[in-house]
Amino acid sequence: MINIALATEGREIDPENARMMFETTDLQKPPPHTKYYGYAKGESGKPTLFLTPKLADGVNIRKTLAHYMKGEYL
């Protein structure tokens, strides 16, 4: 199971949601002036910050990241 949380500037992930999704509130902060980002956590390990451009409607980010986390590149 992969947990993924997407955030945007002004709509950050609050500590309560981070605890529920990732079992921690210790999330790496995005670089300054980053507008679109998220966190992904695989079956083990800690949440990893990833940066992303604005995604078009209809993009299945969960499926795309699942392939990358397994080493399967689209």
Side-chain angles (χ1 to χ4, degrees):
M1 170 111 176
I2 298 170
N3 292 339
I4 299 169
L6 297 176
T8 59
E9 185 179 51
R11 293 189 55 151
E12 291 83 12
I13 298 164
D14 64 27
E16 181 74 22
N17 286 334
R19 188 176 299 113
M20 286 180 5
M21 292 187 70
F22 303 121
E23 300 172 353
T24 184
T25 58
D26 185 24
L27 300 177
Q28 181 182 358
K29 299 289 183 203
H33 310 295
T34 300
K35 290 191 177 191
Y36 305 99
Y37 60 98
Y39 300 93
K41 178 184 173 193
E43 303 228 354
S44 62
K46 66 183 219 170
T48 302
L49 171 71
F50 64 90
L51 307 179
T52 180
K54 183 176 181 182
L55 300 172
D57 292 339
V59 171
N60 187 335
I61 189 68
R62 294 180 191 284
K63 180 178 178 183
T64 302
L65 287 174
H67 285 288
Y68 279 100
M69 291 177 81
K70 292 178 185 174
E72 303 168 2
Y73 302 104
L74 302 174

*OH of Tyr37 to OG1 of Thr52: how many Å apart, nearest 0.5 Å?*
12.5 Å
*Option among Ile13, Leu6, Thr48 that satisfies the side-chain contact (heavy atoms from CB on, under 4.5 Å) test with Tyr39*: Ile13
_Summary of side-chain hydrogen bond (donor to acceptor under 3.5 Å, both in side chains) pairs that have at least one residue in residues 17-32, sequence neighbours excluded_ = Asp14-Asn17
*asked:* Are Leu27 and Met20 linked, directly or through intermediate hydrophobic residues, by side-chain heavy-atom contacts shorter than 4.5 Å (ILVMFWY only)?
replied: no
*Donor-acceptor pair, side chain of Asn3 and main chain of Met21, under 3.5 angstrom*: yes
